[in-house]
Amino acid sequence: QPVSSMQILQQYNKKACIRSNALLCAIVSCLLIAFSMSTRASEVVILDEGSQSEPLGYYMEYLVDPEGYLNIEDVKKLPFSSTPEAEQHNIWKPVDDDSITAGFTQSVYWVRFTVQNISNNPIPWILEMAYSPMDSIELYQKTPKGGFIVNKTGDTVPFSQREVAYRNFAFPLLEVSKSTRTYYMKFRTNGSMSVQLLKWPKNTFSESVDSEKMLLGLFYGILAITIFYSFVNAAFLKDISYVWVGCALLGASIYSFSLNGLSFQYLWPNWLWLQKVSIPFFINTGFLFIGLYSRLFLNLRHSAPLWDRYL
């Protein structure tokens, strides 16, 4: 039976309507996702009896102080912008990720977030800054009288002065029942600016540290065995290439140890000058011995004399 032009037009309109509805749903979904990401930073961090550990990135707001002149009283009064990509400085903006990664900068970064205890009991928790090569950190806790208690730490402060003897920076805090409190933090560094804040309620922090120690011990234990094996081979085989391999692994291992904050905790807790130069020194030491090994392995003296003279 032949199909009339009217039926063809109806079928076309029906398909066009379906496509339009699908496109409209996609646009609405994208807008809802964008809206939820932009508004989540204004939410509070909830603490109760069943709280679990989580990153605080999406609960945070940050402010960039290029000159580093602002103090706590100044930043409290500055306005808020809901546009994360706004280029203006001295404006509070929401964080659109689990952390802040700003690269190498001389600017001071301020962060604030609000914690609310909705339970009927006081809840202790640990605030962890999970990036150990940070020069200076200041945590501002508001007091009932309106002032602030300031906790200062960083890798320019002797390790013995930390409240928690841990490779990263950890602050033990207590939220009283049915309370809400806003925290401010100030970060300054000559290296890479990376703000990674984590919430650890009750015993979750100690449980995490126990598991972490086992994994780190396994990782560095394998590296230590490999380094020892390289030097043993160098001694018995009289082959200098194993010395270069062992030294390269040793430099890379101490670099990783320093980056994770373990060297400051266990090797030089009070040698602030060594802590300051350890990361660039040991990574370049590793590269130096990798270059020496490559030069020997590739026999550059004969295969590429120009490169050999350069190295």
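Atom set for the values below is all heavy atoms of this structure, side chains included, hydrogens, waters and symmetry mates excluded. What you are looking at is a predicted structure, and each value in this text was computed from that prediction instead of being measured.
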Point to revise | Note: K93-E61 ion pair, threshold 4.0 Å (strictly below) | key: no
Sidechain-backbone polar pair: [X] side chain, [Y] backbone, donor-acceptor under 3.5 Å:
{"X": "S256", "Y": "A252", "result": "no"}
{"X": "R162", "Y": "R167", "result": "yes"}
{"X": "S303", "Y": "L298", "result": "yes"}
{"X": "S263", "Y": "W268", "result": "no"}

Polar contact flag, side-chain donor to acceptor under 3.5 angstrom, [X]-[Y]:
{"X": "S99", "Y": "D97", "answer": "no"}
{"X": "S53", "Y": "T204", "answer": "no"}
{"X": "R295", "Y": "Y293", "answer": "no"}
{"X": "N121", "Y": "S119", "answer": "no"}
{"X": "S51", "Y": "D48", "answer": "yes"}
{"X": "E138", "Y": "S136", "answer": "no"}

Point to revise | Intermediate values then yes/no, ring-ring contact (aromatic ring centres under 6.0 Å, His included), W125 and F171 | key: CA-CA 8 Å; W125 65 291; F171 303 90; 9.8 Å; no
Could you pull out the closest heavy-atom pair between [X] and [Y], with the gap in Å?
{"X": "R188", "Y": "G68", "value": "NH2-O, 3.8 Å"}
{"X": "E73", "Y": "N71", "value": "N-OD1, 3.1 Å"}
{"X": "L78", "Y": "W92", "value": "O-CD1, 3.4 Å"}
{"X": "S253", "Y": "Y220", "value": "O-CE2, 3.9 Å"}
{"X": "S230", "Y": "V245", "value": "OG-CG1, 3.8 Å"}
{"X": "M134", "Y": "T189", "value": "SD-CB, 3.6 Å"}

Review point. Hey, quick one: are F159 and I126 part of the same hydrophobic cluster, counting side-chain heavy atoms closer than 4.5 Å, chains of contacts allowed?
Key: no
Check your understanding: Testing L267, T156, D155 for side chain to side chain contact (heavy atoms under 4.5 Å, CB included) with Q275, which one passes?
Key -> D155
Review point. Applying the side chain to side chain contact (heavy atoms under 4.5 Å, CB included) test to L56, which of V115, L127, L198, V111 qualifies?
Key: L127
Check your understanding: What class does the angle between the rings of Y109 and Y62 fall in, given that below 30° is parallel, 30 to 60° is tilted and above 60° is perpendicular?
Key -> parallel
Check your understanding: Should the ring pair F257 and Y266 be called parallel, tilted or perpendicular, given that the plane angle runs from 0 to 90° and is split at 30 and 60?
Key -> tilted
Exercise for review: Start with the C-alpha gap between K202 and E49, add the side-chain angles, then the distance that decides, and say whether salt bridge (Lys or Arg N to Asp or Glu O under 4.0 Å) holds.
Suggested key: CA-CA 9 Å; K202 296 186 176 180; E49 298 297 339; 2.5 Å; yes
Review point. Are side-chain heavy atoms of Y58 and D98 found at a separation under 4.5 Å?
Key: yes
Check your understanding: Should the heavy atoms of other residues, nucleotides or ligands under 6.0 Å from NZ of K76 be counted, would the total exceed 12?
Key -> yes
Check your understanding: Does atom CZ of F205 have more than 12 heavy-atom neighbours from other groups under 6.0 Å away?
Key -> yes
Exercise for review: Using salt bridge (charged side-chain N to carboxylate O under 4.0 Å, His left out) as the criterion, list what pairs up with E207, not counting sequence neighbours.
Suggested key: none
Check your understanding: Between F113 and Y184, is the ring centre distance below 6.0 Å?
Key -> no
